[in-house]
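The structure under discussion appears below in the form of structure tokens.
Every chain is numbered from 1, with letters handed out A, B, ... down the list of sequences. The figures here come from the full heavy-atom set of this structure, side chains too, leaving out hydrogens, waters and symmetry mates.
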2 protein chains.
Amino acid sequence: MDIGSRTELLRSVGLFRGLEREDLAAVAEAAREQPFSRDETLFSQGDDATHGFVVGWGRIRLDKVTPEGQNVVLRHMGPGDMIGIVAVLRRIPFPATPVALEDGLALSWSAGRFAELMNRFPPIALNAIDVVGGRVEELQRRLQEVATQRVEQRIAATLLRLANQSGRKVEDGIEIPFALSRQDLAEMTATTLHTVSRTLSAWDSEGIVESRRSSHLVIRRPHRLAEIAEHA
Amino acid sequence: MDIGSRTELLRSVGLFRGLEREDLAAVAEAAREQPFSRDETLFSQGDDATHGFVVGWGRIRLDKVTPEGQNVVLRHMGPGDMIGIVAVLRRIPFPATPVALEDGLALSWSAGRFAELMNRFPPIALNAIDVVGGRVEELQRRLQEVATQRVEQRIAATLLRLANQSGRKVEDGIEIPFALSRQDLAEMTATTLHTVSRTLSAWDSEGIVESRRSSHLVIRRPHRLAEIAEHA
DNA sequence: CGTTTCTTTGAGGATATTCAATTTATGTGG
DNA sequence: CCACATAAATTGAATATCCTCAAAGAAACG
């Protein structure tokens, strides 16, 4: 991948918004390419934060495991999202593990390189605050959700969120274009795979979603799902 | 309050770490003082973020209410904590409401003033990332907690956290030095005041805590509480 | 085509909520 | 300072929600 293509990629990355083309090129040049394949991890929770990443292509799931081994999915990420950069700046170990849901490519910068770039291009720091602020809001919303809503509502809200972030319109609804197991959904909604399975089975019967193991999940009646998410 | 005192105050504020004394004085001079009394709100969720704040003295509880009126306590704040600054920088309405738990004083800066200061003193932006990054971590931890632990464990963990943040050693344990109703604790731990009441009653009988309505809560056996939080 | 992984479904049970009533504190106006 | 009104806390009983345990079925994989 040449510098021109990298620069093009970085143009749509929130973290580098407001940088001139030539500045972006400098940032692009300082990057290292890191391809990844499905089920691979970019790094592991607890590792030293030596590098920060930005996703080029491919989807990634961010996992956080408890000392007892229970997993919670913190968020899903795709092209343009930054990964691990806050840990780099705070000089703390990575607090979570990014797992690739499909093959892809990330760009990375060493901690030192990153510091240089931020120093040279002040907008980066402001953009970083914006991005991290967005994550705070997202987490606050999820916390509120887990604290005040029932499982069915949370599953509905989660599916709608995934659809909003990554959904593709298909003939009979909105498709969530990556593998999504019952276990995954359970870890996103703070419940068990059993409850997710029961819920999706019911929704399948009612024609609200279509969810078989082989194919991607399709939301057939988003409006109904929104109703469930809101009132129950 | 004169500029000297304000400057002194700002010396211990994470957001302004690394600034020279004269820079701090400039920041202090640009601030407006905003006293507040118990139960007052600095602003309300949904308000336009015209000003950012830093707590001088006094404790504040940050609330977020759902459209249905259910409240979730996002965090407690005290001297040196910043409030609403991310919303100011992101140009979005305040996402939560800070309620004073006791009389106190905040310093505030207008959005425009803040932008100036960040421009003039680059360390502020980096510090902000650090602070906001810390909040992300805190929220991730709480999300994990709600997702994987039972109510009793969460209440125990919450009390220990409050003790760590604000606790005072007293003769027979650690005191949490502000009013803390069952309802408050319920909103912090994603449960109901009834369950909190039952739990504290039980702990009181076992001599783990001392919790009467008039006086502040005292943790008498922190170690036991830690056991409950960890294993249950 | 056997093995592994994921999913479904049932039955039983634990945890925590809801509903309801009472007790205890706090605050207020006489 | 007391009597009343208000707010907070306690506790019991009934119930809902969701989890755990268990087993079987279906799909993917080599």
Contacts of A/Glu33 meeting salt bridge (Lys or Arg N to Asp or Glu O under 4.0 Å) (sequence neighbours excluded), chain-then-number -> A/Arg6

Protein heavy-atom contacts under 4.0 Å, written 5' to 3' over nucleotides 7-15 of chain D as B (base), S (sugar-phosphate only) or - (none), form the string BBSBBBB--

### Query
Does the pair B/Leu105 and B/Leu9 meet the rule for a side chain to side chain contact (heavy atoms under 4.5 Å, CB included), with working shown?
CA-CA 11 Å; B/Leu105 177 80; B/Leu9 198 92; 5.9 Å; no

Angle separating the five-pair end axes of the helix from C/dC1-D/dG30 to C/dG30-D/dC1, nearest 10°, is 40°

Judged by nearest nucleotide, the residue sitting upstream toward the 5' end of DNA chain D, A/Arg212 or A/Thr191, is A/Thr191

Contacts of B/Arg154 meeting side chain to side chain donor-acceptor pair (under 3.5 Å) (sequence neighbours excluded), chain-then-number -> none

Check your understanding: Should A/Trp203 and A/Ile155 be marked as a side chain to side chain contact (heavy atoms under 4.5 Å, CB included) after you check the CA-CA gap, both sets of side-chain angles, and the distance that decides it?
Key -> CA-CA 11 Å; A/Trp203 288 350; A/Ile155 298 174; 3.8 Å; yes

Which atom pairs, one a donor and one an acceptor, fall under 3.5 Å between side chains of residues 161-178 of chain B and the rest of the protein, sequence neighbours left out?
unit_1	atom_1	unit_2	atom_2	d
B/Arg161	NH2	B/Glu145	OE1	3.0
B/Arg161	NH2	B/Glu145	OE2	2.6
B/Ser166	OG	B/Arg59	NH1	3.2

So the side chain to side chain donor-acceptor pair (under 3.5 Å) pairs with at least one residue in residues 73-82 of chain B (sequence neighbours excluded) are B/Arg75-B/Glu138

Sequence neighbours excluded, the answer for side chain to side chain donor-acceptor pair (under 3.5 Å) partners of A/Ser181 is A/Asp184

The reported gap from CD1 in A/Ile208 to CD in A/Glu210 (rounded to nearest 0.5 angstrom) is 13.0 Å

Contacts satisfying side chain to side chain donor-acceptor pair (under 3.5 Å) that involve residues 85-101 of chain A (not counting sequence neighbours) are A/Arg90-B/Asp130, A/Arg90-B/Glu137

B/Phe43 meets the ring pair (Phe, Tyr, Trp, His ring centres under 6.0 Å) criterion, sequence neighbours left out, with B/Phe53, B/Phe94

Can you find a side-chain donor-acceptor pair between A/Glu187 and A/Gln183 that sits under 3.5 Å? yes

*Could you check if a side-chain atom of B/Ile85 sits within less than 4.5 angstrom of a side-chain atom of B/Val54, using non-hydrogen atoms only?*
yes

Sorted by number, residues from residues 58-65 of chain B placing a heavy atom under 4.0 Å from DNA chain D are none

So side chain to side chain donor-acceptor pair (under 3.5 Å) across residues 39-51 of chain B, not counting sequence neighbours, yields B/Ser37-B/Glu40

Rounded to whole Å, CD of A/Gln149 lies from P of D/dT17 at a distance of 14 Å

To the nearest angstrom, the CZ-C1' distance between B/Arg150 and D/dT17 comes to 16 Å

First and last nt of DNA chain C near chain B, cut-off under 4.0 Å to heavy atoms, 5' to 3', are C/dT15 to C/dT26

